[in-house]
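First the structure, in the form of C-alpha cells, and then the observations on it.
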Amino acid sequence: MIKVGDTLPATTLMEFSEVEGNGCSIGPNPVDVAKATAGKTIALFALPGAFTPTCSAKHVPGYVEKAAELKAAGVDEIWCVSVNDAFVMGAWARDQKTNGKVRMLADGSADFAKATGLTLDLTAKGMGLRSNRYSMLIKDGKVAALNIEGPGKFEVSDAATLLAQAKA
C-alpha cells in the first residue's frame, strides 16, 4: 500500500471535457498522473463511486465548498478520483457543480486504485472492485499526507482535514 513519502504510481486517469481547448478534445481525455502532478501541490480524494450517498452528500460538496481555502493554502488543484468511467464522472461533475473547483477524474479499470493498494472489494454488493475512501496531499508527485477511512466511515478524508494538513 502507498504511504507518505512514496511517489504516485505511473498511471493514467481520464477526464471528461465539456469544452475543447489547449490540447483537450470534447469527451474523455487522458491525464498522465506523473506529468499532471509534477511541480504541483494536489489535494486528491478518492471514493467508492459517483452518485453514491456519502460521496454525493458529503465528500464532494465539502471539497467544492473549501476549494478557495485549499487554493489559498497552496493547493494548485483538487482531484476527485473514482472507479467510474469518464462519462459518469463528467455527469457527476455537472450534478455537483465542480467546474473550476474540483477535477473529476475517472479510474475506470481501477488501475490507479490497484497501483496504490487502496482498493475496496464491493463485489458482494454488485459494484465490483472500487477505490477505498481516502484523501492525500501530493507535493511534486509524492505523497505528503495520507488519510485512509475505515470500512463504512467518513471521518478523516474530508476537506477540513486535508485543509489543515495543507496549512501545516
Side-chain angles (χ1 to χ4, degrees), residues 1-2 7-38 40 42-67 70 75-138 141 143 146-149 151-154 157-159 162:
M1 183 185 319
I2 199 165
T7 299
L8 288 180
T11 54
T12 300
L13 298 168
M14 297 297 286
E15 182 174 34
F16 187 86
S17 295
E18 302 263 2
V19 186
E20 192 169 2
N22 199 16
C24 292
S25 61
I26 293 173
N29 284 273
V31 177
D32 180 302
V33 171
K35 287 179 185 171
T37 59
K40 292 182 182 170
I42 309 289
L44 183 152
F45 66 104
L47 34 80
F51 294 105
T52 55
T54 301
C55 305
S56 289
K58 296 177 183 174
H59 216 167
V60 174
Y63 280 91
V64 170
E65 180 184 303
K66 297 222 179 279
L70 282 158
V75 170
D76 296 299
E77 294 180 359
I78 303 166
W79 293 7
C80 173
V81 178
S82 183
V83 180
N84 293 103
D85 65 59
F87 296 100
V88 168
M89 292 301 282
W92 199 29
R94 285 189 299 278
D95 178 73
Q96 293 285 309
K97 298 174 178 48
T98 63
N99 191 28
K101 296 177 182 175
V102 178
R103 292 181 75 179
M104 304 296 275
L105 301 173
D107 185 21
S109 298
D111 292 338
F112 185 80
K114 289 184 232 175
T116 60
L118 293 166
T119 57
L120 178 64
D121 190 349
L122 294 176
T123 303
K125 294 183 177 185
M127 294 175 65
L129 188 66
R130 296 290 175 147
S131 173
N132 199 349
R133 184 182 306 281
Y134 65 89
S135 67
M136 63 172 74
L137 188 64
I138 301 152
V143 180
L146 178 60
N147 311 296
I148 304 169
E149 296 287 359
K153 301 287 184 189
F154 179 60
S157 64
D158 60 305
L162 208 57

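This structure is a prediction, so every number in the text was calculated from the model and none was measured.
- Scanning for salt bridge (charged side-chain N to carboxylate O under 4.0 Å, His left out) contacts around Lys40 gives Glu77, with sequence neighbours left out.
- Listed here is the closest heavy atom pair of Ile78 and Phe45: CG2-CE2, 3.9 Å.
- Asp107 contributes a side-chain N or O that, together with a main-chain N or O of Asp111, makes up a donor-acceptor pair within less than 3.5 Å.
- Of all heavy-atom pairs between Phe16 and Ala86, the closest is CB-O, 3.2 Å.
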- [ ] Check step by step if side chain to side chain contact (heavy atoms under 4.5 Å, CB included) holds for Leu47 and Cys80.
- [x] CA-CA 8 Å; Leu47 34 80; Cys80 173; 4.0 Å; yes

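- The only member of Thr37, Leu8, Val33 that meets side-chain contact (heavy atoms from CB on, under 4.5 Å) when paired with Ile42 is Thr37.
- Summarising the geometry of Pro28 relative to Phe87, their closest heavy-atom pair is CG-CZ, 3.6 Å, with the distance given to 0.1 Å.
- Evaluation of the salt bridge (charged side-chain N to carboxylate O under 4.0 Å, His left out) rule for Lys101 yields no partner, not counting sequence neighbours.
- Scored by the side chain to side chain donor-acceptor pair (under 3.5 Å) test, Ser157 finds His59, Glu149 as partners (sequence neighbours excluded).
- Note that the CD atom of Glu65 and the CG atom of Leu70 stand 10.5 Å from one another [nearest 0.5 Å].
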TODO: Applying side chain to side chain contact (heavy atoms under 4.5 Å, CB included), run through Ile148 and Met1 and close with a yes or a no.
DONE: CA-CA 11 Å; Ile148 304 169; Met1 183 185 319; 3.4 Å; yes

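- Between Gly62 and Ala159 the shortest heavy-atom distance is O-CB, 3.4 Å.
- The minimum heavy-atom distance linking Leu162 with Met136 is given by the pair CD2-O, 3.7 Å.
- By the side chain to side chain contact (heavy atoms under 4.5 Å, CB included) test, Ala50 is found to be paired with Asn84, Val88, Met89, Trp92, residues two or more places apart in sequence or in another chain being considered.
- If you take CG on Leu105 and OG1 on Thr12, they are separated by 11.5 Å, rounding to the nearest 0.5 Å.
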TODO: Test Met127 against Val83 for side chain to side chain contact (heavy atoms under 4.5 Å, CB included), laying out the working first.
DONE: CA-CA 10 Å; Met127 294 175 65; Val83 180; over 6 Å; no

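- Distance CZ/Arg130 to OG1/Thr52: 8.0 Å, rounded to 0.5 Å.
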TODO: Starting from the C-alpha separation in whole Å, work towards a yes-or-no answer on side chain to side chain contact (heavy atoms under 4.5 Å, CB included) for Val60 and Val102.
DONE: CA-CA 8 Å; Val60 174; Val102 178; 5.5 Å; no

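- With a 4.5 Å cut-off on side-chain heavy atoms, Asn147 and Leu137 do not count as touching.
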Taking distance alone, no hydrogens or angles, what donor-acceptor pairs closer than 3.5 Å link side-chain atoms of residues 112-121 to residues at least two apart or in another chain?
from	atom 1	to	atom 2	distance (Å)
Thr116	OG1	Phe112	O	3.2
Thr116	OG1	Ala113	O	3.0
Thr116	OG1	Leu118	N	3.3
Asp121	OD1	Thr123	N	2.9
Asp121	OD1	Thr123	OG1	2.4

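- A search for ring pair (Phe, Tyr, Trp, His ring centres under 6.0 Å) contacts involving Tyr134 returns nothing, not counting sequence neighbours.
- Closest of all the heavy-atom pairs between Pro48 and Leu122 is CB-CD1, 4.3 Å.
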